[in-house]
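The structure appears below as structure tokens.
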Amino acid sequence: MVNNPIRVTSLAGEFIRSVVKPGDIAVDATAGTGQDTLMLAECTGSIGTVYAFDIQEDALEKIQEKLKIKGMESWVSLIRQGHQNMKEVLESKGVKSNTVKAIVFNLGYLPGGDHSVVTSSATTLKALEDALKLLAPQGMITVCLYPGHSVGQQEAEDVLTWCEALEKPFVAHHFRTLNRKSPPTLVIIQRMR
Ligand SMILES: C[S@@+](CC[C@H](N)C(=O)[O-])C[C@H]1O[C@@H](n2cnc3c(N)ncnc32)[C@H](O)[C@@H]1O
């Protein structure tokens with residue numbers, strides 16, 4: 001980390017590792033290449049559960065292979081559904097409100113994938129509303145924002161405006177590199193009680 005600029009995804013991971021412990025329930029809202037899914041699975045261990053959402057079947061198939069190699073299949077559930085349906089999908093699997101320790105969003109499109117498959121404001125804000133209801137006391141939501149492209153810029157503005165209106169017990173933070181044009185930024189939402 002010291003010889004390269006700090007990446008928002010790495011920074012999010014540092015916070016998440018400090019919060020998610022063995023036995024916890026965690027959600028990857030944008031599974032993509034599975035990097036965050038695997039990180040969450042390491043944190044929860046086999047006595048916890050990870051639910052990972054993505055709308056791209058081929059992305060989920062590749063993650064399934066990675067899970068198999070690491071022997072993590074039994075505690076990670078891959079869900080081909082939009083994260084805007086997160087609450088009803090998780091409830092159908094027995095996950096109750098106020099029980100999820102961390103929910104990770106890495107917005108935008110999959111690098112090296114189909115750039116037309118991209119997250120956007122309406123579905124992201126619905127997913128964040130669901131995430132607040134699912135989040136456990138002392139839990140955390142991380143959101144990596146990519147305002148460098150037009151859809152991402154609007155989405156980032158909308159997410160930040162939504163965060164500014166959050167009330168107790170939530171606290172919202174925004175981490176941003178100062179001397180780059182439209183850098184990726186990180187939002188962290190804590191639930192205090
Ligand atoms: C920036 S990538 C995520 C990168 C991923 N966290 C990783 O570690 O590789 C964004 C992902 O969100 C997915 N996506 C787009 N819209 C979505 C939605 N409504 N619900 C769930 N996933 C969505 C895309 O298919 C893409 O894989």
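When reading the values below, keep in mind they use all heavy atoms of this one structure, side chains included, and skip hydrogens, waters and symmetry mates.
No continuous path of hydrophobic side-chain contacts links I188 to W162 [ILVMFWY only; heavy atoms under 4.5 Å]. Following chains of ILVMFWY side-chain contacts shorter than 4.5 Å, one can reach V95 starting from V27, so the two form part of one hydrophobic cluster. Side-chain heavy atoms closer than 4.5 Å link hydrophobic residues (I, L, V, M, F, W, Y) into clusters, and following such links, even through other members, never connects L11 to V159. Connection of L90 to V20 is not established within any shared hydrophobic cluster, with ILVMFWY side chains joined at heavy-atom distances below 4.5 Å, either directly or through further cluster members. F105 and I55 end up in different hydrophobic clusters when Ile, Leu, Val, Met, Phe, Trp and Tyr side chains are linked at under 4.5 Å.
Judged by distance alone, the side chains of Q153 and S182 never bring a donor and an acceptor atom under 3.5 Å apart.
Residues L134 and T99 form no side-chain contact, since every pair of their non-hydrogen atoms from C-beta on lies 4.5 Å or further apart. In this structure, S97 and K87 have side chains that are in contact, with non-hydrogen atoms separated by less than 4.5 Å. The shortest distance between side-chain heavy atoms of Q138 and Q190 does not fall below 4.5 Å. In this structure the side chain of I141 reaches within 4.5 angstrom of the side chain of L132, judged on heavy atoms.
Scored by the ring pair (Phe, Tyr, Trp, His ring centres under 6.0 Å) test, F53 finds no partners at all (sequence neighbours excluded). H174 is linked by a ring pair (Phe, Tyr, Trp, His ring centres under 6.0 Å) to nothing, counting only residues two or more places apart in sequence or in another chain.
When each of T30, L107, L160 is checked for a side chain to side chain contact (heavy atoms under 4.5 Å, CB included) with V143, only L107 meets the rule.
In this structure, CZ in R17 is found 5.5 Å from CE in M39, a value given to the nearest 0.5 Å. Interatomic distance, K68 NZ to E73 CD, rounded to the nearest 0.5 Å: 6.0 Å. Note that the CG atom of L166 and the CG atom of L128 stand 8.5 Å from one another [nearest 0.5 Å]. To the nearest 0.5 angstrom, L38 atom CG is 7.5 Å from I63 atom CD1. Taking CE of M140 as the reference point, atom NE2 of H173 lies at 7.0 Å (rounded to 0.5 Å). With rounding to the nearest 0.5 Å, the separation of NZ in K93 from CD1 in I25 is 13.0 Å.
Relative orientation of the F175 and F15 rings is tilted, given thresholds of 30° and 60° on the angle between their planes.
Closest heavy-atom contact between W75 and A41: NE1-O, 3.0 Å. L78 and L60 get closest at one heavy-atom pair: CD1-O, 3.5 Å. Contact detail for P184 and V8: the closest heavy-atom pair is O-CG1, 3.6 Å. Of all heavy-atom pairs spanning N106 and C144, the tightest one is OD1-CB, 3.4 Å. The two residues L145 and P147 come nearest to each other via the heavy atoms O-CD, 3.4 Å. Residues N85 and D130 come closest through the heavy atom pair C-OD2, 4.2 Å.
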Passes side chain to side chain contact (heavy atoms under 4.5 Å, CB included), Y109 versus D114? Steps please.
-> CA-CA 7 Å; Y109 50 77; D114 181 351; over 6 Å; no

Check step by step if side chain to side chain contact (heavy atoms under 4.5 Å, CB included) holds for I189 and V187.
-> CA-CA 7 Å; I189 301 167; V187 162; 4.0 Å; yes

Step by step, would you call H115 with H149 a side chain to side chain contact (heavy atoms under 4.5 Å, CB included)?
-> CA-CA 11 Å; H115 288 198; H149 58 98; over 6 Å; no

Can you check side chain to side chain contact (heavy atoms under 4.5 Å, CB included) on D24 and C43, steps first, answer last?
-> CA-CA 8 Å; D24 283 341; C43 293; over 6 Å; no

Test salt bridge (charged side-chain N to carboxylate O under 4.0 Å, His left out) on K133 and E129 and set out the steps.
-> CA-CA 7 Å; K133 293 178 188 130; E129 290 285 355; 5.1 Å; no

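Counting non-hydrogen atoms of other residues, nucleotides and ligands closer than 6.0 Å to NZ of K66 gives a total above 12. The environment of Q56 atom CD is dense: over 12 non-hydrogen atoms of other residues, nucleotides or ligands sit within 6.0 angstrom. By the 6.0 Å contact criterion, NZ on K21 is enclosed, its count of non-hydrogen atoms from other residues, nucleotides or ligands being greater than 12.
For H83 (side chain) and M86 (main-chain N/O), no donor-acceptor pair under 3.5 Å exists by modelled atom type. Here the side chain of R191 pairs a donor or acceptor atom with the backbone of L135 at under 3.5 angstrom. Using a distance-only test at 3.5 Å, with no hydrogens or angles considered, a donor-acceptor pair links the side chain of D28 to the main chain of T37. A side-chain donor-acceptor contact under 3.5 Å links D54 to the backbone of G32. Without hydrogens or angle criteria, T44 side chain to V50 main chain gives no donor-acceptor distance under 3.5 Å. K101 contributes a side-chain N or O that, together with a main-chain N or O of V19, makes up a donor-acceptor pair within less than 3.5 Å. In terms of modelled atom types and a separation under 3.5 Å, the side chain of S121 and the main chain of D158 share no donor-acceptor contact.
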